[in-house]
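A note on names: the letters A, B, ... follow the listed sequences, proteins ahead of strands, and every chain is numbered from 1.
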Amino acid sequence: MSFNAALVDRFTQMAKLMELLGEDSFKASAHARAARTIGDHPNDLESVAKGPDAKAHLTKIEGVGAKIADKIIELATTGSISELDALRSKAPVGLLAVMEIPGVGPKTAAVFWKQGGVESVADLKRIIADGSILKLPRMGAKSVEKIRESIAIVEAGAQRLHLGVAMPIAERVVGHMRAVPGVSNVAFAGSLRRGKETVGDLDVLVCTNDPSSAASAFVGMHGVLQVIAQGESKCSVRMAIRSDNGRWGGDDAGSATGAEASIQVDLRVIDEERWGAALMYFTGSKEHNVRLRERALKLGLTLNEYGVFPEDPSTVEPPQQRGVPSIASRTEHEVYASLGMAWVPPELREDRGEIDAFAEAASESDPVSAGGKLARRKRGASTGHEPPASAATGHARGVPRLVELQDIKAELHAHTTASDGVMSIVELATAAKRRGFHTIAVTDHSRSSAVAGGLSPERLREHIRDVREAGAQVQGIRILAGSEVDILSGGELDYDDDLLAELDIVVASPHAALSQDSATATRRLLKAIEHPLVHILGHPTGRLINRRAGLSPDVPALVQAAKALDVALEINTHWFRLDLRDTHARVVAEHEALVAINSDVHAPEDFDNLRYGVATAKRGWITAAACVNTWTQPALLAWLKKKR
DNA sequence: GCCGTTTTCGGCCCGACTGTTTTCAGTCG
């Protein structure tokens with residue numbers, strides 16, 4: 001576990017234990033918040049915590065003050081946090097798992113413990129089985145049955161679904177609902193709409209003049225395993241998942257208990273008049289919504305899922321129930337505008353600085369309020385760089401012109417039957433051309449990737465000739481001869497320089513030795529970036545989401561080197577990789593370095609993953625200009641040529 | 001414990017739903 005992951009684990013535990021023990025809830029949420037921002041932090045904090053001015057650097061992180069900084073330093077230097085040890089001595093640690101059960105919060109867990117003698121999930125199952133749970137306060141038959149079902153779901157190995165598994169399910173639901181009579185609008189919301197790499201459940205919103213037909217159509221969908229709730233305004237079901245992890249084998253439904261893998265899908269019926277406010281509310285993130293509400297209050301307004309309302313001293317009843325007209329609610333643009341903001345793309349709604357940035361953009365004509373907001377905001381510690389001025393890389397009026405799917409005009413990482421792809425060079429080029437691309441790079445594996453059919457130097461020389469021939473054969477698209485060259489464990493590349501120099505493009509990627517420590521991995525990847533013939537660093541960490549952690553290099557160091565040497569860092573678009581991840585991409589954006597959004601194509605359908613990579617890039621605030629795949633063919637070829 | 005364009009002290013989002021109550025606590029998003 002990386003040091004940051006350890007911090008997230010420790011502070012999360014502290015927050016949970018404080019809630020359980022009934023300590024100050026604001027203190028508990030302060031620790032939970034610190035865990036979240038540390039989890040988002042791109043570089044390893046261990047060296048920061050052990051280095052000079054540790055406290056000053058650490059307190060620059062949002063949500064980290066003097067006390068939490070001390071605890072970070074304590075963990076780095078002693079390997080433990082004494083306050084956490086004290087908390088753990090006050091309450092059984094097994095209760096943390098009890099609190100993970102949906103529907104069981106800190107208060108309920110405390111009752112189980114203090115009045116029911118429960119110290120673990122096993123204890124909880126025991127008092128459910130012998131019925132003694134019914135003697136506890138507020139525990140009726142229905143509550144107990146819900147808890148029993150929730151335990152079963154947790155034990156079936158419920159984990160968040162990959163973005164690329166959840167998206168087709170959501171689109172099927174949306175398509176199904178769109179065809180229901182009376183339905184005028186359908187959309188999915190939640191973390192799926194934000195393009196998060198994993199998704200816990202699906203939220204689907206409909207606008208209809210016939211709610212009961214919509215509800216019955218929803219619960220009657222193919223694949224529905226269980227109807228959890230069916231009302232006029234909200235329905236919840238569990239739907240079966242069929243997932244295929246493709247060339248990595250296995251699947252997401254890896255349940256050892258034999259229970260069918262499923263995902264909860266919520267349907268909500270929304271009035272047309274409040275569509276925008278509801279869409280915002282259900283898109284989240286929770287943290288983004290909280291910030292917006294705080295902003296509304298400062299402006300003398302109240303924001304809820306029904307709209308923006310004038311502030312009201314009456315706290316008894318929500319404004320919409322007293323017939324107070326909303327100031328804005330019909331569209332998201334309207335709602336943001338009423339809060340003095342430009343519309344925020346869903347991928348950015350994570351409370352990572354977007355509120356200030358998009359308020360600044362909207363108020364740019366007002367020099368008093370426009371200046372300095374970003375600068376005042378806390379920045380990640382110890383990157384050693386201030387964020388760039390907004391104007392330089394495609395930022396218009398303070399709002400970044402983020403990369404969009406239709407901007408992508410080149411694929412720079414693709415495999416053919418020469419290694420482990422399923423298409424010939426001509427088939428690959430034809431497929432890329434059909435996508436509207438002007439350039440496709442053939443980058444089969446290098447010799448060390450033996451299981452992937454890596455090419456020997458001799459075989460690569462033949463392959464280059466084959467690529468040139470195909471180029472003459474297929475018109476209307478430029479086919480580049482390249483290689484996805486293994487970065488060996490010490491940072492050396494898998495082919496000699498004279499061979500690499502014959503290639504139009506070199507993508508250097510780590511494939512083995514993915515458990516190296518952070519410092520070794522950083523040296524290894526830096527060496528590849530510094531290689532004069534390398535254009536792109538492919539899937540830099542080698543992680544597989546929900547499968548393996550991969551490398552944890554010092555990303556800011558890699559980005560600075562890549563920026564200086566004109567190397568692009570890849571966002572690999574396969575939903576199993578999404579590597580670089582969103583928070584890493586954000587570092588690239590802040591340093592105005594380059595990314596390559598590549599689909600690592602092995603089969604024709606891999607091109608379809610592009611949207612997941614674009615979503616990840618947007619979550620990292622990557623502009624179109626910063627993505628080499630959006631460039632014109634002459635610009636792209638000129639960039640490649642500089643390394644030849 | 002953190003934080004600051006009405007604050008270095010005194011706040012810290014808002015509503016729905018559920019199940020259990022007899023007016024509301026707990027959980028969730």
Indicate, with a heavy-atom threshold strictly under 4.0 Å, whether [X] touches base, sugar-phosphate, or nothing.
X: A:A110; result: nothing
X: A:L292; result: nothing
X: A:A66; result: sugar-phosphate
X: A:E145; result: nothing

Distance check: side-chain N/O of [X] vs OP1/OP2 of [N], anything under 4.0 Å?
X: A:K146; N: B:dG19; answer: yes
X: A:N304; N: B:dG15; answer: yes
X: A:S233; N: B:dA16; answer: no
X: A:Y306; N: B:dC14; answer: no
X: A:K298; N: B:dT6; answer: no

*Taking syn as any angle within 90 degrees of 0 and anti as the rest, which one fits B:dT7?*
syn

Expressed in whole Å, how much space separates the [atom1] atoms belonging to [N] and [M]?
N: B:dT27; M: B:dT20; atom1: P; value: 14 Å
N: B:dC9; M: B:dC14; atom1: P; value: 25 Å
N: B:dT7; M: B:dC2; atom1: C1'; value: 13 Å
N: B:dT22; M: B:dG15; atom1: C1'; value: 22 Å
N: B:dT18; M: B:dC13; atom1: P; value: 25 Å
N: B:dT21; M: B:dG26; atom1: C1'; value: 13 Å
N: B:dT5; M: B:dC12; atom1: P; value: 16 Å
N: B:dG11; M: B:dT6; atom1: P; value: 15 Å

*Which letter, B, S or -, goes with each nucleotide of nucleotides 22-29 of chain B from 5' to 3', with contact meaning a protein heavy atom under 4.0 Å?*
--BBSSSB

Provide, to the nearest angstrom, the distance between the [atom1] atom belonging to [X] and the [atom2] atom belonging to [N].
X: A:D24; N: B:dC3; atom1: CG; atom2: P; result: 15 Å
X: A:R291; N: B:dC3; atom1: CZ; atom2: P; result: 9 Å
X: A:L136; N: B:dT20; atom1: CG; atom2: P; result: 12 Å
X: A:I270; N: B:dG15; atom1: CD1; atom2: P; result: 15 Å
X: A:E23; N: B:dC12; atom1: CD; atom2: P; result: 22 Å
X: A:K142; N: B:dT21; atom1: NZ; atom2: C1'; result: 13 Å
X: A:K27; N: B:dC2; atom1: NZ; atom2: C1'; result: 12 Å
X: A:L297; N: B:dC3; atom1: CG; atom2: P; result: 19 Å

*Are A:F26 and the base of B:dC2 stacked, counting only ring centres nearer than 5.5 Å and planes tilted under 30°?*
no

_Beyond-backbone contact of A:F358 with A:L348, side-chain heavy atoms, under 4.5 angstrom_ = yes

*Mind checking whether A:P310 and A:I327 have side chains closer than 4.5 Å, heavy atoms only?*
yes

*For A:K234 and for A:S29, find the nucleotide of DNA chain B with the closest heavy atom, then tell me which residue's nucleotide is more 5'.*
A:S29

_Quick check on DNA chain B: between A:A69 and A:G140, whose nearest nucleotide comes earlier from the 5' end?_
A:A69

_Sorted by number, the residues of residues 119-132 of chain A with heavy-atom contact under 4.0 Å to DNA chain B_ = none

*Interface with DNA chain B, restricted to residues 204-220 of chain A and to heavy atoms under 4.0 Å*: none

Mind listing the side-chain donor-acceptor pairs of residues 2-10 of chain A below 3.5 Å, one per line with the distance, residues two or more places apart or on another chain?
residue, atom, partner, partner atom, Å
A:S2, OG, A:A5, N, 3.1
A:N4, OD1, A:L45, N, 2.8
A:N4, ND2, A:N43, O, 3.0
A:D9, OD2, A:Q13, NE2, 3.4
A:R10, NH1, A:A6, O, 3.4

*For B:dG11, what is the paired nucleotide under Watson-Crick or G-U wobble rules, both distances under 3.5 Å?*
B:dC2

Pairs meeting criterion salt bridge (charged side-chain N to carboxylate O under 4.0 Å, His left out) with involvement of [range], two or more places apart:
range: residues 207-216 of chain A; value: none
range: residues 77-88 of chain A; value: A:K27-A:E83, A:K71-A:E83
range: residues 126-140 of chain A; value: A:D123-A:R126
range: residues 333-344 of chain A; value: none

*asked:* Between A:S236 and A:D266, is there a side-chain donor-acceptor contact under 3.5 Å, judged purely by atom types and distance?
replied: yes

side-chain contact (heavy atoms from CB on, under 4.5 Å) with [X]: which residues, sequence neighbours excluded?
X: A:S191; answer: A:R160, A:R194, A:K196, A:V199
X: A:Y281; answer: A:N289, A:R293, A:E305
X: A:V111; answer: A:Q115, A:L136, A:P137
X: A:L21; answer: A:E23, A:L87, A:K90, A:A91, A:W113

*With the threshold set at 4.0 Å, does a side-chain nitrogen-carboxylate oxygen contact exist between A:D40 and A:R586?*
no

_Taking the minimum atom-to-atom distance to the side chain of A:I68, which one of B:dC14, B:dG1, B:dC13 wins?_
B:dG1

_Ring of A:Y306, cation from A:R274 - is the NZ or CZ under 6.0 Å from the centre and inside 45° of the axis?_
yes

